Q: 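Here it is, the structure in full.
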There are 2 protein chains.
Amino acid sequence: MKILIVDSDIEHNRVISIHLKKSGFDVVESETGKIGWRSVQSEKPDIVLIDCTLSDSSGSALLYKIRGKKRLRKVAVILFATNSDEDSQVRALDSGADDFMLKPFSPRLLEARVNALIRRLHLIFDNADLANRGSNGGDLSKGWSVEYGDVRINAESHKLFLKGLRADVSPTEFNILYFFMHNPDVAFTREQILKEVWGDNIVVEPRTVDQHIRRIRATFKIYGCSNIIVTVRGVGYMFEQLN
Amino acid sequence: MKILIVDSDIEHNRVISIHLKKSGFDVVESETGKIGWRSVQSEKPDIVLIDCTLSDSSGSALLYKIRGKKRLRKVAVILFATNSDEDSQVRALDSGADDFMLKPFSPRLLEARVNALIRRLHLIFDNADLANRGSNGGDLSKGWSVEYGDVRINAESHKLFLKGLRADVSPTEFNILYFFMHNPDVAFTREQILKEVWGDNIVVEPRTVDQHIRRIRATFKIYGCSNIIVTVRGVGYMFEQLN
DNA sequence: ACTTATTGTGACAATTTAATAACAAATAGA
DNA sequence: TCTATTTGTTATTAAATTGTCACAATAAGT
C-alpha cells in the first residue's frame, strides 16, 4: 500500500512518515500542493493524506483536483486541519474526503484510520469482478425494477411503465433508460453513455445518443410524462430525479 | 440506504434518527445490543451506528459479532463513545469499525461521515448492485458538493442551488463558480482564473473573465444572494466566504 | 479637481452546441 | 422473401454560449 503525504509541516510530516514506514507502508512525501498534485498522478498512491493548510494552495483544492479526475476517483483521501470548526469538517467530508482528522493526533490513531480505510479498499478489490462486469449484456439481465415518479422500469421483463401504463421502447432506448435510472442526478457525456450502454469497444458517433434521447423523450411526451432526461449543456445528458 | 442505530441513549437516538430520516435515509432503531444484533440480521442495513456504552452488552461486542458473520462483512459500522481516550479509539477502529465519533456530535457531522462511507460503498458496487437498492432510495448519488451560505454547487449533477432553489448557469459560469468555491478567500488574477478554468494553453482575453463574473453576479442578484464574488482591485476576483 | 488606472456595462459578432428532420443501413418478424 | 422496425449517420436549423470591443462608471493618486 502506497501512501502519499502532502503536508508543509515538515516536522509533523517526518513523524508520521517514519511511523507508517515502520508499519510496512510505502510512503511518499510532498511539501506543497503543487508537487503533491504531480505526485498523485505519477506515484499512483492508494491513500493520500493532505494537510488543509498548505502554503501554496489549500488542501481542499488538491482534493477537488483529485476528485475531478476520473482515473483517480478510487484513491482514498484523508484531510488534516489544525484548528477547525465543525463546519469546515463537514465541508471537507462533503467535498469528497474519506476521513477528516484534527491535528494534533498520534501516529497510532492515524494508522488505525488508515487501516480502516484499507479494509474498505480491500472490499473494492474483492468485488472487482462484480464491478467490472459492466456495460454490455450481463449487467442488464440482473436487478429487479427501478421506479422514479411516473417511470418504472423492469429489467427482467424488459418492460417500461409510464404512469402505470405499458410503454413501448426499442432495446437501445431501454438500455439507455436503464443506465440512467441507476445513476440519477449525474450528468454523463455522450462518450460515457456510449461506453456504458453500447460497450467498451464499439464505435458509434457520439451524436447518435442525441437521437435516442430524442426518441425516448417523444415516448415520454405521449404518456404526458415530464422531461426526465435533461440535457446538461456542455456536458451531455442526465436523468433527473425530480425536485 | 438503510441505517440501523443501536444506542441506549434514547434522546440522542431520536435526534439523530429524525435528522437522518429527513435526509432521506431509511432508519431503524434499537435500544440494546441484543435487539440490535437481531435487527442487523433481519433488517439488513447498509450502515450500523453503535454506541459503545450500551446497557446490556458493549458496542464493540456487537461489532465483533457482525464482523464474524461473513454475510455481514459488507455492512459499514460507525462507533460512538462518550468519553474515550485515544487508546479506545484506536482499539475500536482496529477491531473493524469503519469510523469512530466522539459524543456529543451534531447530526450534520454524522450525516457527512455517513455520506463519506456511502461514497466508498458506491465505489464498491459501482453502479451494478444499486439496482437492488432500487426505487425509493433517497438521493444516493449525492456526489461531491460544496456549500457556502446561500450557495450550493454539485459537481456530478452540474447543479447550482441558490437559497435552496435551482439556478441556471452556463457551463463556463459553472466552472468558474466551482473553481472559486474550492478556493475560498483567495484572490486570483484574471490570468490565473483563465488558466485554471479554461485550461493551460487556451488564449482568451483576460477581460473576458469580467463578463462571466458579471453574468454570475446577475444570476445571484435574481435570487437575492449577496455578492459572493468580490473584486480585488489591482488583482482580480475572489470568492468570499461570508462571516 | 484633475488625471490615470481599473473595473463595470451593454451591444454585438463569432462560435459552439443541441434539436430536428430526412435518409440509408441493418435487423428482425411474418 | 418482403415488410416493418430499429439503428446510425449526416445536414440543416435553431438556440444558447462565448469572446470582444467601445464606452461609462468608479476608485485611487497627485
Side-chain angles (χ1 to χ4, degrees), chain A residues 135-137 140 158-160 166-180 187-199 201-222 226-240, chain B residues 158-160 166-180 187-199 201-222 226-240:
Chain A
S135 19
N136 55 348
L140 300 179
H158 263 246
K159 280 176 186 166
L160 167 70
R166 174 73 190 283
D168 213 33
V169 281
S170 78
T172 336
E173 278 155 50
F174 182 90
N175 290 339
I176 291 174
L177 259 176
Y178 189 79
F179 167 66
F180 268 133
F188 293 96
T189 65
R190 287 166 239 275
E191 281 78 9
Q192 285 176 311
I193 295 168
L194 282 175
K195 201 173 159 190
E196 293 289 340
V197 177
W198 271 253
N201 42 12
I202 290 176
V203 202
V204 177
E205 283 297 316
R207 287 275 153 203
T208 301
V209 173
D210 297 28
Q211 289 305 325
H212 290 285
I213 299 288
R214 194 165 95 84
R215 286 161 190 154
I216 292 172
R217 281 174 175 166
T219 309
F220 274 61
K221 203 170 191 177
I222 292 171
S226 48
N227 235 15
I228 298 251
I229 296 182
V230 176
T231 108
V232 182
R233 206 152 227 275
V235 183
Y237 298 94
M238 168 172 78
F239 176 83
E240 194 171 49
Chain B
H158 278 250
K159 282 179 186 169
L160 166 70
R166 176 75 184 281
D168 219 31
V169 281
S170 79
T172 336
E173 278 154 51
F174 183 90
N175 291 337
I176 291 175
L177 258 177
Y178 191 75
F179 166 67
F180 268 130
F188 294 95
T189 65
R190 289 169 236 280
E191 281 77 11
Q192 284 177 310
I193 295 168
L194 282 176
K195 201 172 158 190
E196 292 287 340
V197 176
W198 271 253
N201 41 11
I202 290 177
V203 203
V204 176
E205 284 296 316
R207 293 299 306 274
T208 301
V209 173
D210 296 27
Q211 288 305 327
H212 290 284
I213 300 287
R214 189 167 95 85
R215 286 161 190 154
I216 292 171
R217 282 174 173 166
T219 309
F220 274 59
K221 204 169 190 177
I222 292 172
S226 49
N227 236 15
I228 298 249
I229 296 181
V230 177
T231 106
V232 183
R233 204 154 226 274
V235 184
Y237 298 94
M238 168 173 79
F239 176 83
E240 194 171 49

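Only a predicted model underlies this, so the values are computations on that prediction, with no experimental measurement involved. Below, read A as the first sequence line, B as the second, and so on, with proteins coming before strands; counting in each chain starts at 1.
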Q: Could you check how far CZ of B:Arg233 sits from P of D:dA28, rounded to whole Å?
A: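 That distance rounds to 6 Å.
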
Q: What heavy-atom pair brings B:Glu191 and B:Pro206 nearest, and what distance separates the two atoms?
A: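 Smallest interatomic distance, heavy atoms only, reads OE2-CG, 3.6 Å.
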
Q: Tell me whether the centres of the aromatic rings in A:Phe239 and A:Phe188 are closer together than 6.0 Å.
A: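 Judged by ring-centre distance (under 6.0 Å), A:Phe239 and A:Phe188 do not meet the cut-off.
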
Q: Over how many whole Å does the gap from B:Arg214 atom CZ to D:dA24 atom C1' extend?
A: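 Going from B:Arg214 (CZ) to D:dA24 (C1'), I get 12 Å.
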
Q: Can you give me the N/O atom pairs linking the protein to nucleotides 2-6 of chain D at distances under 3.5 Å, or say none if there are none?
A:
none

Q: Would you mind reading off the distance between A:Asn175 atom CG and D:dT7 atom P, rounded to a whole angstrom?
A: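 Roughly 9 Å, once rounded to whole Å.
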
Q: State, with a plain yes or no, whether a side-chain heavy atom of B:Ile202 is found less than 4.5 Å away from one of B:Leu194.
A: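 Not in contact.
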
Q: Has the side chain of A:Arg217 got a donor or acceptor atom that lies under 3.5 Å from a matching backbone atom of A:Ile229?
A: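 A pair under 3.5 Å: yes.
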
Q: Tell me the closest heavy-atom pair linking A:His212 and A:Glu173, and the distance in Å.
A: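 The answer is O-CG, 4.1 Å.
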
Q: Using a strict cut-off of less than 4.0 Å between a Lys/Arg side-chain nitrogen and an Asp/Glu carboxylate oxygen, indicate whether A:Glu240 and B:Lys159 qualify as a salt bridge.
A: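 Salt bridge between A:Glu240 and B:Lys159, a charged N being under 4.0 Å from a carboxylate O: yes.
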
Q: What's B:Tyr237 touching, base or sugar-phosphate or nothing? Going by heavy atoms closer than 4.0 Å.
A: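 Here B:Tyr237 touches the backbone only, sparing every base.
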
Q: Check DNA chain D against residues 205-213 of chain B and give the residues with a non-hydrogen atom under 4.0 Å, in numerical order.
A: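 The answer is B:Glu205, B:Thr208, B:Gln211, B:His212.
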
Q: Going through the checks in order, is the side chain to side chain donor-acceptor pair (under 3.5 Å) test met by B:Glu205 and B:Thr208?
A: CA-CA 6 Å; B:Glu205 284 296 316; B:Thr208 301; over 6 Å; no

Q: Does a distance-only test, which skips hydrogens and angles, find a donor-acceptor pair under 3.5 Å between the side chain of A:Arg190 and the base of D:dG8?
A: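 There is none.
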
Q: Taking only residues two or more places apart in sequence, or in another chain, which ones meet A:Arg214 in a side-chain contact (heavy atoms from CB on, under 4.5 Å)?
A: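 Partners of A:Arg214 under the side-chain contact (heavy atoms from CB on, under 4.5 Å) test: A:Gln211.
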
Q: Angle between the end axes of the helix from C:dA1-D:dT30 to C:dA30-D:dT1, five pairs per end, to the nearest 10 degrees?
A: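 Between the first-five-pair axis and the last-five-pair axis there is 30°.
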
Q: Look at all strands and tell whether B:Arg215 reaches a base, only sugar-phosphate, or nothing, counting heavy atoms closer than 4.0 Å.
A: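 Base, at least one base heavy atom under 4.0 Å.
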
Q: Sequence neighbours left out, what passes side-chain contact (heavy atoms from CB on, under 4.5 Å) with B:Val232? Give chain and number order.
A: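 By the side-chain contact (heavy atoms from CB on, under 4.5 Å) rule, B:Val232 matches B:Ala187, B:Val235, B:Met238.
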
Q: So, OP1 or OP2 of D:dT18: does either fall under 4.0 Å of a side-chain N or O from B:Trp198?
A: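 Indeed not, no polar side-chain atom of B:Trp198 lies that close.
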
Q: Is any side-chain heavy atom of A:Tyr237 less than 4.5 Å from a side-chain heavy atom of A:Ile176?
A: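 No, their side chains stay 4.5 Å or more apart.
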
Q: First locate atom CZ of A:Phe220, then atom CD1 of A:Ile216, and finally report the distance between them rounded to the nearest 0.5 Å.
A: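 Reported to 0.5 Å precision, the distance equals 7.0 Å.
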
Q: Do A:Glu196 side-chain atoms and A:Ile193 backbone N/O form a donor-acceptor pair below 3.5 Å?
A: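 Side chain of A:Glu196 to backbone of A:Ile193: no pair is present.
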
Q: How would you give the extent of chain A contacts on DNA chain C, as first and last nucleotide 5' to 3' within a 4.0 Å heavy-atom cut-off?
A: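 Reading along DNA chain C, I get C:dT17 to C:dA21.
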
Q: On a heavy-atom basis, which atom in B:Thr219 and which in B:Asp168 lie closest, and how many Å separate them?
A: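 Looks like CG2-O, 4.0 Å.
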
